[in-house]
Novice: 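One structure coming up, written as structure tokens, with questions to follow.
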Amino acid sequence: MSHENHFDYIIIGRGLAGLQLALGFTKDNILKQKKVALIDPSDKSTNDKTWSFWEIGVSKWDAITEKSWETALFYSKNKSITLPLEPYTYKSIRSIDFYNWAKEILQKSSNIHFIKDSIISTTETNNVLVQGKMETYTADHVFDSRIPKDYYSEISKFTLVQQHFKGWIIETETPHFNPNAITMMDYRFQHQNSTSFVYVLPFSENRALIEYTFFTPETVSESVYDDAIKDYIESHLEIEKYKIVETEMGNIPMTDYPFWNYNTKHITKIGTGGGWVKGSTGYSFKHTEKNVATIISNIKNGQQPSHKLFKKKYKFYDKIFLNVLKTNNEKGVWIFEQFYAKNAISTMFRFLDEESSFTEDVKIMRSLFSWNFISAFLSVLFRR
């Protein structure tokens with residue numbers, strides 16, 4: 001094997017985690033000297049998803065943020081809640097804008113190498129042998145975003161709630177949307193008493209993403225999403241003339257599966273394959289940013305890259321929440337009603353960002369106090 005195929009770091013996957021990590025290397029005065037390969041079978045040239053997140057103030061993502069909002073709305077058959085988000089802002093980024101922006105920055109670095117290949121296997125010795133379909137590579141350390149093969153045979157032993165969805169971006173002939181407020185959850189359009197809701201991101205008065213989302217153990221046929229979105233547009237929003245300019249569809253695993261057990265001396269799992277998707281919400285963008293910062297700090301301090309990536313108490317909280325959604329999925333509406341109605345937005349966001357104090361944790365748990373949560377707590381406690 002030629003010396004050209006050896007790298008200090010190989011990143012398998014050019015998605016959110018892989019590109020954010022590569023950007024982290026290039027921004028650090030020490031690590032930007034390292035030779036890094038980004039290997040993926042895809043050029044990432046299409047818009048395959050929309051990432052949304054909240055944060056305080058300006059950030060490095062503002063240049064590619066499509067839209068931001070300072071107000072959120074929650075609806076159920078029992079409640080209508082307006083949520084002023086200050087000091088937070090809710091932001092949305094199209095994946096293609098992130099891919100193009102990241103690649104433009106990374107391609108300016110001579111130490112970053114984009115390789116189009118499918119990885120078949122990794123073998124760990126004194127370094128890591130990475131076998132691709134096209135070539136063989138070696139690295140001192142590998143960051144691997146692929147979901148472990150064991151996941152598919154072992155997931156039945158763990159809790160899995162699937163966040164599955166389909167969204168339409170529509171444009172209307174006349175103004176129909178309030179571009180100043182997102183609809184975080186609208187549970188008035190549930191499917192068969194499941195935890196399912198409509199999510200709306202209004203980009204302008206004439207353009208919006210309307211998405212139908214489930215937090216359920218099982219998936220549904222594509223027609224269920226389409227019928228619900230069509231009904232929401234025509235019956236609820238009373239829009240007669242519109243065109244669908246784009247669609248997106250996905251399934252995010254919300255699970256307590258221990259992806260971190262696959263971190264080794266020379267291989268660190270990242271992204272969905274590393275358990276970076278928050279189990280109780282499916283959010284990943286800001287968690288990825290934090291984990292990348294931790295990895296960079298760990299490397300510079302001589303620690304394993306995966307050192308202290310996760311906080312055990314939040315994994316425990318996620319287990320409880322997932323247990324309730326899996327065993328009592330119809331309770332999802334009540335859970336989110338309590339969550340949004342009884343807690344300050346700053347408390348909720350700090351809790352979901354895994355930055356809350358113990359006092360704030362107690363407030364959140366008290367707002368969700370019910371037999372279902374007690375049962376789930378005991379189940380998780382004695383299953384550990």
Side-chain angles (χ1 to χ4, degrees), residues 52 74-79 81 147 151 154-166 183-199 211-221 224-225 228 250-259 272 275-284 287 310-343 348-349 351-354 356 361 363-384:
S52 296
F74 174 92
Y75 299 103
S76 69
K77 294 176 181 178
N78 301 317
K79 291 185 181 295
I81 306 172
I147 292 177
Y151 170 86
E154 295 180 352
I155 189 57
S156 61
K157 303 175 186 176
F158 300 89
T159 306
L160 172 65
V161 174
Q162 303 179 78
Q163 182 183 146
H164 51 104
F165 56 87
K166 184 173 183 180
T183 298
M184 186 76 80
M185 291 178 165
D186 191 338
Y187 277 104
R188 295 171 296 182
F189 296 82
Q190 280 180 277
H191 177 71
Q192 297 179 358
N193 205 31
S194 64
T195 300
S196 52
F197 56 91
V198 176
Y199 170 66
E211 195 165 271
Y212 197 48
T213 301
F214 287 77
F215 290 177
T216 54
E218 307 297 334
T219 57
V220 297
S221 65
V224 172
Y225 310 108
N251 189 332
I252 301 169
M254 297 163 58
T255 179
D256 58 2
Y257 187 82
F259 293 101
T272 303
W276 288 16
V277 174
K278 186 163 176 60
S280 57
T281 65
Y283 280 97
S284 61
H287 287 283
F310 302 104
K311 300 176 182 178
K312 289 184 178 180
K313 75 170 182 176
Y314 291 106
K315 292 301 179 185
F316 182 71
Y317 297 157
D318 286 345
K319 281 176 180 281
I320 296 171
F321 183 83
L322 288 168
N323 186 289
V324 174
L325 280 184
K326 183 174 182 178
T327 58
N328 296 275
N329 194 251
E330 73 283 356
K331 297 293 184 181
V333 181
W334 180 87
I335 291 170
F336 287 105
E337 279 181 349
Q338 303 301 106
F339 190 63
Y340 286 110
K342 294 187 175 182
N343 298 286
M348 290 189 290
F349 282 173
F351 180 77
L352 295 175
D353 285 337
E354 302 187 353
S356 54
D361 294 346
K363 287 181 179 178
I364 293 285
M365 293 304 174
R366 285 182 64 186
S367 72
L368 301 175
F369 188 79
S370 69
W371 169 247
N372 297 109
F373 265 84
I374 293 172
S375 177
F377 173 83
L378 294 174
S379 175
V380 171
L381 184 65
F382 291 109
R383 194 182 70 182
R384 295 174 77 187

Novice: To the nearest 0.5 Å, what is the distance between CG on L160 and CG on L325?
Specialist: 11.5 Å

Novice: Can you check whether N78 reaches W334 side chain to side chain, under 4.5 Å on heavy atoms?
Specialist: no

Novice: What pair of heavy atoms forms the shortest contact from L368 to Q338, and how long is it?
Specialist: CD2-CB, 3.8 Å

Novice: Calculate, to the nearest 0.5 Å, the distance between atoms CD and OG1 belonging to E211 and T183 respectively.
Specialist: 12.5 Å

Novice: Does K326 have more than 12 heavy atoms from other residues, nucleotides or ligands lying within 6.0 Å of its NZ?
Specialist: yes

Novice: For K319, is there any backbone N or O sitting under 3.5 Å from a side-chain donor or acceptor partner on N323?
Specialist: no

Novice: Are any of the side-chain heavy atoms of Y187 and T195 separated by less than 4.5 Å?
Specialist: yes

Novice: Can you confirm whether or not the ring centre of Y151 sits under 6.0 Å from the ring centre of F259?
Specialist: yes

Novice: Looking at CZ of F310 and CH2 of W276, how far apart are the two atoms once the value is rounded to the nearest 0.5 Å?
Specialist: 7.5 Å

Novice: Of all heavy-atom pairs between V277 and P253, which one has the smallest distance, and what is that distance?
Specialist: CG1-O, 4.0 Å

Novice: List in chain and number order the residues that pass side-chain contact (heavy atoms from CB on, under 4.5 Å) with K313, two or more places apart in sequence or in another chain; answer none if no residue qualifies.
Specialist: Y317, D361

Novice: Of the non-hydrogen atoms in V224 and F214, which two are nearest, and what is the gap between them?
Specialist: CG1-CZ, 3.9 Å

Novice: With sequence neighbours excluded, what pairs up with Y340 under the ring-ring contact (aromatic ring centres under 6.0 Å, His included) test?
Specialist: F74

Novice: Is any side-chain heavy atom of Y283 closer than 4.5 Å to one of L352?
Specialist: no

Novice: Between Y225 and Y199, is the gap from one ring center to the other below 6.0 Å?
Specialist: no

Novice: Run the side-chain contact (heavy atoms from CB on, under 4.5 Å) test on F321 and I335 for me, step by step, so that the C-alpha distance in whole Å, both residues' side-chain angles and the decisive distance to 0.1 Å come before the verdict.
Specialist: CA-CA 9 Å; F321 183 83; I335 291 170; 3.6 Å; yes

Novice: Quick one: are the ring centres of F197 and Y75 less than 6.0 Å apart?
Specialist: no

Novice: For the residue pair E218 and H164, what are the closest heavy atoms and their distance?
Specialist: O-NE2, 3.0 Å

Novice: Evaluate the salt bridge (Lys or Arg N to Asp or Glu O under 4.0 Å) criterion for residues D318 and K278: first the C-alpha distance (whole Å), next the side-chain angles of each, then the deciding distance (0.1 Å), finally the verdict.
Specialist: CA-CA 8 Å; D318 286 345; K278 186 163 176 60; 3.1 Å; yes

Novice: Report the distance from atom CZ of R188 to atom CD of Q190, rounding to the nearest 0.5 Å.
Specialist: 12.0 Å

Novice: Please report the interatomic distance OG(S280) to CD(Q163), rounded to the nearest 0.5 Å.
Specialist: 10.5 Å

Novice: For residues N193 and E330, is any side-chain donor paired with an opposing acceptor at under 3.5 Å?
Specialist: no

Novice: Determine whether a donor-acceptor pair (N or O, by modelled atom type, separation under 3.5 Å) exists between the side chain of D256 and the backbone of T159.
Specialist: yes

Novice: In terms of ring plane angle, is the pair Y314 and F351 parallel, tilted or perpendicular, where the classes change at 30° and 60°?
Specialist: perpendicular

Novice: Walk me through it: do R366 and K342 pass the test side-chain contact (heavy atoms from CB on, under 4.5 Å)?
Specialist: CA-CA 9 Å; R366 285 182 64 186; K342 294 187 175 182; over 6 Å; no

Novice: Do any N or O atoms from the side chain of N329 and from the backbone of S194 form a donor-acceptor pair under 3.5 angstrom?
Specialist: no

Novice: Working to the nearest 0.5 angstrom, can you tell me the gap between D186 CG and K77 NZ?
Specialist: 11.0 Å

Novice: Is the backbone of T213 close enough, under 3.5 Å, to the side chain of S196 for a donor and an acceptor to pair up by distance?
Specialist: no

